[in-house]
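Contents: one structure, followed by commentary.
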Amino acid sequence: MRKIFLLGFVVTVLILGTDANGYLEFNVTELDHIEELEYGVSKSISSFNPLMVGLTLITGAGAKGAVCLDGTLPGYHLHRGHGSGANSWLIQLEGGGWCDNIRNCVYRKKSRRGSSNYMEKQIQFTGILSDKAQENPDFFNWNRVKLRYCDGGSFSGDSQNKAAGLQFRGERIWRAAMDDLETKGMQNAKQALLSGCSAGGLAVILRCDEFSNLFSRTTKVKCLSDAGLFLDTPDVSGGHTIRNLYNGVVQLQGVRNNLPHMCTDHLNPTSCFFPQNLISEMKTPLFIVNAAYDIWQVQSSLAPPSADPSGYWHECRLNHGRCTPAQILFLQGFRDQMLRAVSGFLNARKNGLFINSCFAHCQTERQDTWFADDSPVINKKAVATAVGDWYFDRAEVKLIDCPYPCDRSCHNLVFR
């Protein structure tokens, strides 16, 4: 069994590998850190010689007040395109959860999620960021950028807490990064794709139309949200874990004024932080990649320990193979809600969709789930192929998997 070591995962022992059933299994001591799976540092199974790309700090960001939680400069990793991709740009927004109160944000600012002082100086580019045609057939030679996430508010906040020494400047970071990349050639792009995973996938939805407005009308601009379809849905106790989380983020970080006005004109700001209230009104073409049983949402939104004091969901949230029939029925209901959330979105021909019935989270930056011999597929089409067909208008792509447990191609995540 091939194994990979994930750098930066907050665990005692962390080893990822694919078992005989196609599951990814690992030992973990802090399950609430599942958002670390979003981080695309070392997730390649097929690449034994991944591209390493250095960190660039945005030197002009400080003058614009565009700083991380602790006041340090934000940054990105850029690998230049070549050949037919020299004037094409792919911007990947990093994910990594949110901080919704002072205590959590103070803790966060002492990590790479809140300070460039702790960011890796080099990271691996794999999956949609790979420079190898056999791993990333449609985007390998584009200019590819990974914008680091250090604000805790999906690149959307603009406020501060002086007493705690916290800067909530995600929206300024977004603008400063785009300004900087435009000076490096992005303003002349013929093709552009804004993508992101998890909290970065949510940011894609929030910033997509703004991104499109950066370019001329002749530029082909589209957006890709991976594992960003967070649903406003009750948890197993009937409470509202994720709505409370998002309300805290919106209020603490001053997100309100940076939300799409087409939503805030008729809904409250917290509702407008949920993708289901945004995706049908977006002007720019959007592709959604999401697991129907998104493991982050299962563990942190649907069945977090705070909503399950008796521990009834403990085994199920670690391993879907240990779920009772009643629990599986509950999770099928969650899938049904996800499909209802995208029903209007699907009516627009410009949009695309890939919802597979897997227990996974973030499938575009990991090589094994993006494009490999045994990648997850729907109708024999891998994620990379689906995204490429949609972006280049080779085919209309609106793929919805059959319900669990029919899909045998999944790379399901199992905690033990």
Side-chain angles (χ1 to χ4, degrees), residues 57-76 91-100 104-105 108-109 113-116 145-162 164 166-183 186 192 194-215 221 223 225 228 230 245-265 267-275 277-278 281-284:
L57 295 180
I58 305 172
T59 53
K64 301 175 181 179
V67 292
C68 298
L69 285 172
D70 70 338
T72 55
L73 293 175
Y76 58 76
I91 312 299
Q92 178 82 357
L93 303 183
E94 184 180 28
W98 306 269
C99 63
D100 63 328
N104 289 345
C105 293
R108 187 182 180 101
K109 77 173 183 176
R113 301 293 194 195
S115 170
S116 58
V145 179
K146 178 74 171 281
L147 179 57
R148 300 303 294 270
Y149 179 41
C150 64
D151 62 278
S154 283
F155 297 96
S156 296
D158 193 12
S159 65
Q160 63 180 329
N161 186 293
K162 291 183 178 180
L166 290 168
Q167 296 289 327
F168 304 115
R169 305 299 185 185
E171 196 274 338
R172 295 192 191 194
I173 291 173
W174 156 259
R175 284 191 284 116
M178 296 303 104
D179 290 346
D180 195 67
L181 291 170
E182 285 188 310
T183 69
M186 192 178 76
L194 179 66
S195 65
C197 157
S198 197
L202 169 59
V204 166
I205 293 169
L206 293 169
R207 307 267 79 85
C208 179
D209 284 341
E210 289 179 30
F211 181 70
S212 181
N213 289 336
L214 297 175
F215 303 93
V221 184
C223 300
S225 174
F230 297 96
L245 168 67
Y246 277 8
N247 186 62
V249 174
V250 169
Q251 299 301 323
L252 177 68
Q253 299 210 26
V255 170
R256 180 186 187 120
N257 292 333
N258 298 320
L259 294 169
H261 295 300
M262 51 85 175
C263 181
T264 55
D265 284 346
L267 291 176
N268 65 68
T270 299
S271 294
C272 294
F273 207 60
F274 282 98
N277 298 319
L278 303 171
E281 303 300 323
M282 292 169 59
K283 298 177 181 178
T284 310

When rounded to the nearest 0.5 angstrom, what distance separates [atom1] in [X] from [atom2] in [Y]?
X	Y	atom1	atom2	result
L181	L147	CG	CG	7.5 Å
F155	E210	CZ	CD	13.0 Å
D265	L259	CG	CG	11.5 Å
L93	W174	CG	CH2	6.0 Å
E281	D209	CD	CG	10.5 Å
L166	N161	CG	CG	5.5 Å

Checking S212 side chain against V221 main chain: does a donor-acceptor pair fall under 3.5 Å?
no
Which residues share a side-chain hydrogen bond (donor to acceptor under 3.5 Å, both in side chains) with [X], sequence neighbours left out:
X	value
E171	R175
N268	S271
R256	none
S156	R207

Listed partners of [X] passing salt bridge (Lys or Arg N to Asp or Glu O under 4.0 Å), at least two apart:
X	value
D179	K64
K283	none
D180	K184

Applying side chain to side chain contact (heavy atoms under 4.5 Å, CB included), can you list everything that pairs with [X], at least two apart in sequence or on another chain?
X	result
D70	C68, T72, K109, S115, N117
C99	L69, N104, C105, R108, Q253
Q92	L90, I128, L129, K146, S195, C197, T364, E365

Might you point out which heavy atoms bring [X] and [Y] nearest each other, and give the distance in Å?
X	Y	result
S154	Y149	N-OH, 3.0 Å
C263	L278	CB-CD2, 3.5 Å
A66	P74	O-CD, 3.1 Å
S225	G201	OG-O, 2.9 Å
R169	Q160	NH2-CD, 3.6 Å
C208	T284	SG-CB, 3.5 Å

Just jot down the ring-ring contact (aromatic ring centres under 6.0 Å, His included) partners of Y76, sequence neighbours excluded, or say none.
none
For Y246, check ring-ring contact (aromatic ring centres under 6.0 Å, His included) against everything at least two apart and list the hits.
W98, F273, F274
Would you say that [X] contacts [Y] through its side chain, given a criterion of any heavy-atom pair below 4.5 Å between the two side chains?
X	Y	result
N277	C272	no
L252	D100	no
M186	I91	yes

For the side-chain contact (heavy atoms from CB on, under 4.5 Å) test, which of T264, D158, V250 pairs with N258?
D158
Walk me through it: do D151 and R172 pass the test side chain to side chain contact (heavy atoms under 4.5 Å, CB included)?
CA-CA 10 Å; D151 62 278; R172 295 192 191 194; over 6 Å; no
